[in-house]
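Presented below is the structure to which this report refers.
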Amino acid sequence: MTMMNNNSISARRRGLFRRRLADRIVRLLSTAALVIAIAGMGWILWNVCARGISVLSWSFLTESTKPWGIPDSGIANAILGTLEITLGAALIGIPPALLGGIYLAEFGRGTRLAGIIRFATNVLMGMPSVVVGLFVYALMVVPLGGFSGVAGSLALAILMIPVVLSTTEEMLRMVPDTLRESALALGCSRTRATLAILCRSARSGLLTGILLAVARVSGETAPLLFTALWSDGWPRDYFTGPTANLPVLITEYSTNSPFAEQHAAGWGAALTVTVMVLLLNIGSRIIFKEKHHVR
Amino acid sequence: MARTMNISDTTVDRTFRIATGAAAVAIPLLLLLFIVQLTWGSLPAWREFGPGFLIGTEWDPVAGRYGALPAIAGTLLTTFLALLFAIPAAFVTALYLADAPPVFGGILSQALDLLAAIPSVIYGMWGLFVLAPIMQETIQPFLSETLGLGRIPFFGVDGDGFGFLTAGIILALMILPYISAVMRNVFLMTPPMLVESARGIGCTRWEAARDIMVRYGARGLLGAIFIGLGRALGETMAVLFVIGNISEVPTSLYSSGTTIAATLANHFAEADGVLRAVLFALGLVLLALSLAVQIFARYYLMLTNSSRGEK
């Protein structure tokens with residue numbers, strides 16, 4: 001009798017030991033995976049910073065790119081081109097995305113049509129950007145007979161729309177219904193209530209969505225390969241000709257060039273893009289956080 | 001006066017409603033237009049090669065013969081490798097983040113989100129200049145010779161640093177933050193009462209996670225995996241730099257090859273006539289694959305939401 005008892009106690013102890021061991025092992029693995037993930041990313045960022053900073057200088061940021069061998073080349077035309085293309089994308093993409101988001105949050109609640117639209121938005125959000133590039137290539141570049149900055153803007157706008165649309169819907173839904181009802185009870189028209197009261201109270205959320213979308217597309221490369229392409233000159237003919245931009249510059253300089261100077265310039269451009277994207281991201285997070293603290 | 005204002009208000013309201021509705025309806029129409037446009041553009045290729053295009057292995061611009069198998073096989077292989085590396089890592093990372101003290105977990109989650117924002121061309125460039133040489137000099141010899149894995153068929157013996165394994169590693173690094181962010185959200189959706197009860201009857205943290213959180217969010221976890229799968233399928237730049245870009249069916253993990261996205265990016269400039277139609281056909285295949293993946297992802301994520309009665 002006592003022997004049996006002893007046996008079962010030691011068996012139970014062994015069980016507990018094994019369970020605790022499994023727990024420890026999993027916790028160790030979790031920590032290790034997190035450390036590896038963060039370290040891997042840190043390694044990439046470190047490479048970009050270290051190699052990028054060494055080429056940064058005033059003339060690098062203010063001179064245009066030049067064919068290899070000509071001194072004083074920079075990346076200013078690509079920076080300007082990226083700004084042009086991204087701004088164009090924002091102008092094309094943001095208004096319809098805001099309107100669509102307003103429709104889903106204000107008029108389309110619970111309807112079947114809204115379900116279809118939401119589904120299409122989600123699918124579009126997961127669409128590979130290279131397919132979007134191919135689509136705009138067929139839609140604009142082939143019929144018009146040439147690459148252009150505005151085609152690049154259109155491709156980026158298509159990538160922005162689902163992001164802005166779904167954040168707009170989410171943010172408007174977070175506005176309490178009592179606010180909606182009060183505005184309407186005071187005699188506001190639906191339009192006025194939506195634009196002046198609801199969008200206003202959700203504006204930091206809307207801004208966050210827009211900034212995140214801009215950040216997401218400003219480093220996109222694949223769609224620009226099919227649309228804006230690349231040019232060594234200043235981005236003067238945004239509507240008619242290939243337009244310089246940072247992501248394609250990085251691709252050109254690192255895969256199509258045997259010269260160390262151009263590889264270095266590629267790292268400089270990579271640092272510029274990364275800083276831009278991270279600043280936009282962090283900025284949007286800060287805006288959103290401040291608003292939440294006020295609440 | 002008041003009456004006229006009312007009338008104009010209704011007109012404005014109606015216009016506003018129509019404008020917002022039109023913008024919203026444009027989204028599904030855009031999706032349809034994608035399908036129509038790519039199908040239309042690829043018709044010459046289907047007419048020329050028939051369905052055999054999908055399993056053809058030739059890529060001969062001189063003779064005008066093209067087959068899609070190398071690109072499709074390459075896409076599937078890189079995606080498989082990326083998921084193989086990323087899923088376990090993302091799973092344990094998400095567990096850690098969901099379990100960590102809120103402040104600490106919050107900061108780490110933000111960091112992971114920021115890392116997901118780094119443009120893919122940066123990953124590609126890093127892969128080309130930093131990872132590929134390390135793969136060639138250290139990792140590939142270590143795996144093949146020191147560990148003796150080179151004797152396994154299909155693994156590969158002499159690597160040049162480029163190829164499917166390198167592409168898979170970079171893709172895994174890229175999609176890890178996405179998968180783990182969605183998984184973390186799924187874990188956090190488990191009602192705290194359930195987890196606390198499990199801990200209360202003496203479960204270890206791992207047992208509570210395995211038997212409660214994972215069971216509870218199983219479909220959401222599947223959705224998270226499909227989200228990562230969708231990103232890996234269509235990723236262009238991170239792969240383009242290190243895949244080697246030759247149109248051959250993979251023979252080992254170290255061999256160079258291509259993917260659908262990389263083929264598109266490589267050949268669009270010279271595209272004319274039948275090659276252009278071939279590129280559209282490849283784009284259509286990629287679109288179909290990613291549509292299927294997205295539909296599964298949304299379906300499973302929706303199931304987790306609705307089974308919880310939150311919507």
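In the text below, chain A, chain B and the rest are named by the order of the sequence lines, each starting its count at 1.
Most heavy-atom pairs under 4.5 Å with chain A, from the set B:I260, B:L112, B:D113: that is B:D113. Each of A:S129, A:A138, A:G40 has some count of heavy-atom pairs under 4.5 Å with chain B, and the biggest count is that of A:A138. When each of B:L29, B:L176, B:V130, B:L173 is checked for heavy-atom pairs under 4.5 Å with chain A, B:V130 comes out on top. Among the candidates B:L33, B:L97, B:T15, the residue making the largest number of heavy-atom pairs closer than 4.5 Å to chain A is B:L33. For the set A:S254, A:G42, A:G219, A:A269, the count of heavy-atom pairs under 4.5 angstrom toward chain B peaks at A:S254.
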Worksheet entry | Chi angles and distances behind the side chain to side chain contact (heavy atoms under 4.5 Å, CB included) call for A:V142, B:R276 | CA-CA 10 Å; A:V142 175; B:R276 186 181 283 167; 3.5 Å; yes
Worksheet entry | Stepwise side chain to side chain contact (heavy atoms under 4.5 Å, CB included) test for A:I38 and B:L108 | CA-CA 9 Å; A:I38 302 266; B:L108 284 177; 4.3 Å; yes
Worksheet entry | Evaluation steps, side chain to side chain contact (heavy atoms under 4.5 Å, CB included), between A:M127 and B:L31 | CA-CA 10 Å; A:M127 178 94 69; B:L31 201 59; 3.7 Å; yes
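The side-chain contact (heavy atoms from CB on, under 4.5 Å) with A:D23 is formed by just one residue from the set B:R205, B:R210, B:E207; it is B:R205.
Interface remark: A:A222 contributes backbone and side-chain atoms alike to the contact with chain B (heavy atom separation under 4.5 Å). For chain B, the nearby part of A:L165 is the side chain; its heavy atoms alone come within less than 4.5 Å. Within the 4.5 angstrom heavy-atom criterion, no atom of A:L98 approaches chain B. Contacts between A:I44 and chain B at a heavy-atom distance below 4.5 Å involve backbone atoms as well as side-chain atoms. Only the side chain of A:L45 comes within contact range of chain B, judged by heavy atoms closer than 4.5 Å. For a residue to count as touching a neighbouring chain, one of its non-hydrogen atoms must lie under 4.5 Å from one of that chain's; by this rule A:F119 touches chain B with the side chain only. With a 4.5 angstrom heavy-atom cutoff, A:L195 touches chain B only via side-chain atoms. At a 4.5 Å heavy-atom cutoff, the contact between A:R285 and chain B is made by side-chain atoms alone. Only the side chain of B:R298 has a heavy atom closer than 4.5 Å to any heavy atom of chain A. Within the 4.5 angstrom heavy-atom criterion, only side-chain atoms of A:V48, from C-beta onward, approach chain B. With a 4.5 angstrom heavy-atom cutoff, B:T204 touches chain A via backbone and side-chain atoms both. For chain B, no part of A:L280 is nearby; none of its heavy atoms comes within less than 4.5 Å. In this structure, the portion of A:L229 lying under 4.5 Å from any heavy atom of chain B is its side chain and not its backbone. The parts of B:V25 that come within reach of chain A are both its backbone and its side chain, each placing non-hydrogen atoms under 4.5 angstrom from that chain.
Distance check: A:T221 OG1 to B:M125 CE gives 11.5 Å after rounding to the nearest 0.5 Å. For the atom pair A:L124 CG and B:F34 CZ, the distance stands at 6.0 Å (nearest 0.5 Å). Once rounded to the nearest 0.5 Å, the distance linking CE of A:M41 with CD1 of B:I118 reads 7.0 Å. Annotation: the span from B:I27 atom CD1 to A:I116 atom CD1 amounts to 13.5 Å, rounded to 0.5 Å. For the atom pair A:T31 OG1 and B:Y96 OH, the distance stands at 5.0 Å (nearest 0.5 Å). In this structure, CZ on B:F91 lies 11.0 Å from CG on A:L29, to the nearest 0.5 angstrom.
Ring planes of A:Y137 and B:F280: tilted class, angle from 30 to 60°. In this structure, B:F129 and A:W267 have tilted ring planes: the angle between them lies in the 30° to 60° band.
At least one side-chain heavy atom of B:L291 sits under 4.5 Å from a side-chain heavy atom of A:V123. Inter-residue side-chain proximity for A:F135 and B:L287 is flagged as unmet; no heavy-atom pair is nearer than 4.5 Å. Within the 4.5 Å cutoff, side-chain heavy atoms of B:M237 are placed close to those of A:L225.
Here the shortest heavy-atom pairing between B:F16 and A:I102 reads CZ-CG2, 3.9 Å. Shown here for A:P96 and B:A23, the closest heavy-atom pair between the two residues is O-CB, 3.4 Å. For the pair B:A24 and A:I117, the tightest heavy-atom approach, listed with the atom from each and the gap, is O-CG2, 3.5 Å. In terms of heavy atoms, B:G283 sits closest to A:V131 at O-CG2, 4.2 Å. For the residue pair A:R19 and B:C203, the shortest heavy atom distance occurs at NH2-CA, 3.9 Å. Residues A:P128 and B:S290 approach most closely at CD-OG, 3.3 Å, considering heavy atoms.
For A:R109, the CZ atom counts as densely surrounded, since its 6.0 Å shell holds more than 12 non-hydrogen atoms of other residues, nucleotides or ligands. Dense packing is recorded around CZ of B:R199, with more than 12 heavy atoms of other residues, nucleotides or ligands lying under 6.0 Å away. Other residues, nucleotides and ligands contribute at most 12 non-hydrogen atoms within 6.0 Å of the OH atom of B:Y299. Shown here is A:W46, whose CH2 atom has no more than 12 heavy atoms of other residues, nucleotides or ligands within 6.0 Å.
The closest donor-acceptor contact from the side chain of A:N281 to the backbone of B:L114 lies at 3.5 Å or more, if one exists at all.
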